Participant: 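Sharing a structure here in structure tokens format.
None of the values given here were measured: they were computed from a predicted structure. To find a chain, count down the sequence lines: A is the first, B the second, and so on, and within it residues start at 1.
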2 protein chains.
Amino acid sequence: MPKPAEVEELLRGAGLRVTRPRVGVLSAVYRRPHADTDSIVGAVREDLGEVSTQAVYDVLRALTKAGLVRRIEPAGSVARYESRVGDNHHHVICRSCGAIADVDCAVGEVPCLHASDDHGYEIDEAEVVFWGTCPACRSAA
Amino acid sequence: MPKPAEVEELLRGAGLRVTRPRVGVLSAVYRRPHADTDSIVGAVREDLGEVSTQAVYDVLRALTKAGLVRRIEPAGSVARYESRVGDNHHHVICRSCGAIADVDCAVGEVPCLHASDDHGYEIDEAEVVFWGTCPACRSAA
DNA sequence: CCCGTTGATTGGAATGACTCAAGACTACAT
DNA sequence: ATGTAGTCTTGAGTCATTCCAATCAACGGG
């Protein structure tokens, strides 16, 4: 959980200008892993007051392009963002409630898996999603 | 590529009624692997004439629930459908043009991978997506 | 320390995939 | 043949996301 000053340093290091919405959004992503855009907007507004929805969308795209956050798009869900980047970890998602948890990659480097037949593609990443039922939903059933 | 009679048999075997839109949609999915809804609508209309877009959506959902087709939702793309079901294969997707190719699973049975830490989830499937650049886009660059 | 340029933010409107509701219709069983 | 559960159609609506033009602010050069 980086301090505001560290967040600013992260932005500067990525060649991005330091603005209030950007600091707020990046902090919110650190604070709430796997949050969707809507809840990030809410979190930022709690901190900063008024921020336009479009600013958050724009900032998230800029942060994603800069490699400071990672956008994940599980099937059947809206886009979500997380701050863990560069360590090529994977996710386990509950089919029932949509909860997401991180799963460390056994290999650690991309691409961690190799296709049996790559069809001539030059593969740079292997994305793994484990689908299942989380403990809470399992005991509720 | 099943004949119309075989398609009807597939539908009946899944406990679904045999209707013109259903036969048309299921044939179209066999004919065009990894097609999105829009191009399936187009393909069905070529065969049958007028079919409402909503009927296609509805049929695709029914076929998915019955396990006759599989819905895949690659990040940054609309939903796509394929007829290969039950063999737990994976996909390689071109970052540039979105082309999708099948990759046979080395294991063959679900779940083919096991998480290093399952967080208590009961995992029933491991979905793998390989991201890269297809031969055509690579030579065009 | 101030100022201008460049890039960010805002607000409004639009896009597009997908869903919902209500009624007409039809495949299939009795 | 006939009833009925399940399909198809039409039309409207939802929601995440994007586009555009105008305003505004960060930050490096003076």
Participant: Of the listed nucleotides (C/dC28, C/dC20, D/dT7), which one gets closest to any side-chain atom of B/Arg61?
Facilitator: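 The listed nucleotide nearest to B/Arg61's side chain is C/dC20.
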Participant: Nearest of D/dC8, C/dT9, C/dT26 to any side-chain atom of B/Pro21?
Facilitator: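 Of all the options, the side chain of B/Pro21 is nearest to D/dC8.
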Participant: Within this structure, what is the CD-to-P distance between A/Glu9 and D/dC27, rounded to whole angstrom?
Facilitator: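 From A/Glu9 CD to D/dC27 P: 11 Å.
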Participant: Taking atom types as modelled, is there a side-chain donor on B/Asp102 or B/His34 under 3.5 Å from an acceptor on the other?
Facilitator: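 Yes, B/His34 and B/Asp102 have a side-chain donor paired with an acceptor closer than 3.5 Å.
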Participant: Tell me, with the steps shown, if B/Ile40 and B/Arg32 meet side-chain contact (heavy atoms from CB on, under 4.5 Å).
Facilitator: CA-CA 8 Å; B/Ile40 292 174; B/Arg32 312 192 176 192; over 6 Å; no
Participant: Taking OP1 and OP2 of D/dT17, is either one under 4.0 Å from a side-chain nitrogen or oxygen of A/Thr53?
Facilitator: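 Negative; the distance criterion is not met.
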Participant: Would you kindly give the CG-to-P distance between A/Asp36 and D/dT17, to the nearest whole Å?
Facilitator: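 So the CG-P distance, A/Asp36 to D/dT17, works out to 8 Å.
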Participant: Flag the pair B/Glu73 and B/Arg71 as a salt bridge only when some basic side-chain nitrogen lies within less than 4.0 angstrom of an acidic carboxylate oxygen.
Facilitator: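 Yes, this pair counts.
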Participant: Between C/dA21 atom C1' and B/Tyr57 atom OH, what is the distance in whole Å?
Facilitator: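 Whole-Å distance recorded here is 18 Å.
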Participant: In whole Å, I'd like the distance from the CG atom of B/Asp58 to the C1' atom of C/dC25.
Facilitator: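 The answer, rounded to whole Å, is 14 Å.
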Participant: Choose from C/dT9, C/dT19, C/dA27 the nucleotide whose nearest atom is closest to any side-chain atom of A/Arg22.
Facilitator: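 Nearest to the side-chain atoms of A/Arg22, counting from C-beta on, is C/dT9.
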Participant: What nucleotide, of C/dA17, D/dT17, C/dA8, holds the atom closest to the side chain of A/Arg71?
Facilitator: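 Ranking C/dA17, D/dT17, C/dA8 by closest atom to the A/Arg71 side chain puts D/dT17 first.
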Participant: By nearest nucleotide on DNA chain D, pick out whichever of A/Arg20 and B/Ala62 is the more 5' one.
Facilitator: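 So the residue in question is B/Ala62.
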Participant: May I have the distance from B/Leu63 (atom CG) to D/dG6 (atom P), rounded to whole angstrom?
Facilitator: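 Computing the B/Leu63:CG to D/dG6:P distance gives 16 Å.
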Participant: Taking only side-chain N and O atoms of A/Thr37, does any of them lie within less than 4.0 angstrom of OP1 or OP2 on D/dT17?
Facilitator: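 So the side-chain polar atoms of A/Thr37 do come within 4.0 Å of the phosphate oxygens OP1 or OP2 of D/dT17, strictly under.
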Participant: From CZ of A/Arg45 over to P of C/dT9, roughly how many Å is that when rounded to an integer?
Facilitator: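 Rounding to the nearest Å, CZ of A/Arg45 and P of C/dT9 are 14 Å apart.
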Participant: Using the closest heavy atom to pick a nucleotide of DNA chain C for each, name whichever of B/Asp38 or B/Arg12 lands nearer the 5' end.
Facilitator: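 Result of the comparison: B/Asp38.
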Participant: Just compare C/dA8, C/dT10, D/dT10 and give me whichever is closest to any side-chain atom of B/Gln54.
Facilitator: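 In terms of side-chain proximity for B/Gln54, the closest of C/dA8, C/dT10, D/dT10 is D/dT10.
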Participant: Quick one: B/Arg17 CZ to D/dG3 P, roughly how many Å, whole number?
Facilitator: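 Whole-Å distance recorded here is 16 Å.
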Participant: Round to a whole Å and report the spacing from CG of B/Leu16 to P of D/dA5.
Facilitator: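 One finds 18 Å between P of D/dA5 and CG of B/Leu16, rounded.
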Participant: By nearest atom, which of the nucleotides D/dA26, D/dC8, C/dT9 is closest to the B/Thr19 side chain?
Facilitator: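 Output: D/dC8.
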Participant: Salt-bridge test for A/Asp87 and A/Arg70: reply yes if a basic N is under 4.0 Å from a carboxylate O, no otherwise.
Facilitator: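 Looking at A/Arg70 together with A/Asp87, the answer is no, because their closest N to O distance does not fall below 4.0 Å.
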Participant: Please determine, for the side chain of B/Val51, which listed nucleotide (D/dC27, D/dT9, D/dT17) has the closest atom?
Facilitator: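 In terms of side-chain proximity for B/Val51, the closest of D/dC27, D/dT9, D/dT17 is D/dT9.
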Participant: Given B/Asp118 and A/Val92, is the side-chain contact (heavy atoms from CB on, under 4.5 Å) satisfied, shown in steps?
Facilitator: CA-CA 7 Å; B/Asp118 64 9; A/Val92 49; over 6 Å; no
